[in-house]
Amino acid sequence: MKIVVIAGDGIGPETMSVATDVLGVLSDCFGLNLVLQPELGGHDSLKKYGTTIRNGLLDDVKQADGLILGPMSTYDFKDESKGEINPSKFFRKELDLFANIRPAKTYVGSGNVYKPLDLVVVRENTEGFYADRNMESGGSEMLVTHDVVVSLRRITRECCERIARAAFDLAMTRRKHVTIVHKANVLRIGDGMFIDSCHHVAKAYPEVRVDDVIVDAMMAHVVRTPERYDVLVTTNMFGDILSDLTAELAGSLGMAGSINAGARYAMAQAAHGSAPDIAGKNIANPFSQVISAAMLLAWYGQQQKRSEFIRASEALHVAIAKTIAAGEGTADVGGSHGTRQAGDALVKHLKQSL
Ligand code: NAD
């Protein structure tokens, strides 16, 4: 399996070096023959190539079996004519990575846990209110006059149905419960279509229990009774916001692994950003990056029907749990270790459990 690895901005180089060490161990132990191809993206690339995404990088990614994208300082990238392309948007759009899967799970020993939970936010990733990706060309946020802005939101039946299928497929491997999160009381047509599409897809999954909740109420429900939920399917912006909340409820945004998957390609990417407030201090939690990498291995294993990749991913999750339970994670999950030391502890537990 060949994986393009882009360390990213801010905390990216620190957390990615842990992820690549762990992948090396897994490759040896499970005979995965992983080939990691390091590439620049974001600020490093802008400095070297004058653009955050160099020419030819997309082709290299398409020829590989997966991409791991480190956190990006996307807010800094404002002007595409100056090479400031948002790498997250770029790959999601160009590779049609429509399903952003964001698990939130509590771990025993994680200091900051509010209530036990184990759920997954399945977020549509290619349209909605995201002005940089919902048009074929140009953005969908317009300055009408100096003081008036119009932002367009695109919702299509095709995108609603394919994200619903991703959610129901996932639910079939879990507790068989899908909650549709929407704002159809206000966005009656767009979110109305989203709900209808989800219920239409649900007919093919009679074993899965389905309910729906308005997004603002969902924020309260998920805080009050997170244990009630299994798979939450929603549109782009709601999913982006909801998943940061569920990650933090589970203990820390630093545990928020995620994968962006399409029919052919997948990109592992932690749900959080480049965290400039803690960059370079050896305190960032690297496990979000590691969990994302594990999700990519599992995705590849499922696509290729290669069970060793799925077993490697499972072994990694077990080792993460052990590391946190031993107090050897970073401070945000109740541990006493720095980024690098937490990574070394994870490798130790991984090797012990193998
Ligand atoms: P952020 O997600 O980077 O950080 C939010 C908070 O979470 C900060 O306090 C940070 O220290 C903490 N945090 C994040 N990751 C952590 C980790 N691994 N371990 C411990 N704590 C962690 O959000 P921000 O500071 O608002 O944004 C910084 C930059 O990241 C901006 O340029 C923003 O646009 C970008 N961003 C990119 C993405 C993406 O590419 N997917 C997502 C969110 C933000």
Considering only NZ, NE, NH1 and NH2 on the basic side and carboxylate oxygens on the acidic side, decide whether [X] and [Y] come within less than 4.0 Å.
| X | Y | answer |
| --- | --- | --- |
| Asp240 | Arg102 | yes |
| Asp21 | Arg340 | yes |
| Glu328 | Lys348 | yes |
| Arg209 | Asp230 | no |
| Arg153 | Glu141 | no |
| Asp44 | Arg54 | no |
| Asp96 | Arg162 | yes |

Full working for side-chain contact (heavy atoms from CB on, under 4.5 Å) between Phe90 and Leu58 | CA-CA 9 Å; Phe90 176 81; Leu58 180 63; 4.1 Å; yes
Does a side chain donor of either Thr145 or Asp147 reach within less than 3.5 Å of an acceptor in the other side chain?
->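 No, no side-chain donor-acceptor pair sits under 3.5 Å.
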Does the side chain of Asn100 come under 3.5 Å of the side chain of Arg123 through a donor N or O and an acceptor N or O?
->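 Indeed, the side chains of Asn100 and Arg123 share at least one donor-acceptor pair under 3.5 Å.
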Can you find a pair of side-chain heavy atoms, one from Glu127 and one from Thr156, that are under 4.5 Å apart?
->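 Touching, per the 4.5 Å side-chain cut-off.
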May I ask you to test the Asn33-Met1 pair for a side-chain heavy-atom distance under 4.5 Å?
->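 No; the side chains remain at least 4.5 Å from each other.
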Please check if the distance between the ring centroids of His182 and Phe238 is under 6.0 Å.
->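 When the ring centroids of His182 and Phe238 are compared, they turn out to be at least 6.0 Å apart.
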Can you tell me if NE2 on His199 sees more than 12 non-hydrogen neighbours from other groups inside 6.0 Å?
->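 Count over threshold, so yes.
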So does Glu207 have more than 12 non-hydrogen atoms from other groups sitting under 6.0 Å from CD?
->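 Open: at most 12 neighbouring heavy atoms sit under 6.0 Å from CD of Glu207.
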Go through the structure and list residues passing salt bridge (Lys or Arg N to Asp or Glu O under 4.0 Å) with Asp216, not counting sequence neighbours.
->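 For Asp216, the residues satisfying salt bridge (Lys or Arg N to Asp or Glu O under 4.0 Å) (neighbours in sequence not counted) are Lys183.
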Under the salt bridge (Lys or Arg N to Asp or Glu O under 4.0 Å) rule, collect the residues that match up with Arg311, sequence neighbours excluded.
->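 For Arg311 there are no salt bridge (Lys or Arg N to Asp or Glu O under 4.0 Å) partners, ignoring immediate neighbours.
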Hey, does the side chain of Thr52 reach the backbone of Leu46 with a donor-acceptor pair shorter than 3.5 angstrom?
->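 Looks like no, no N/O pair under 3.5 Å.
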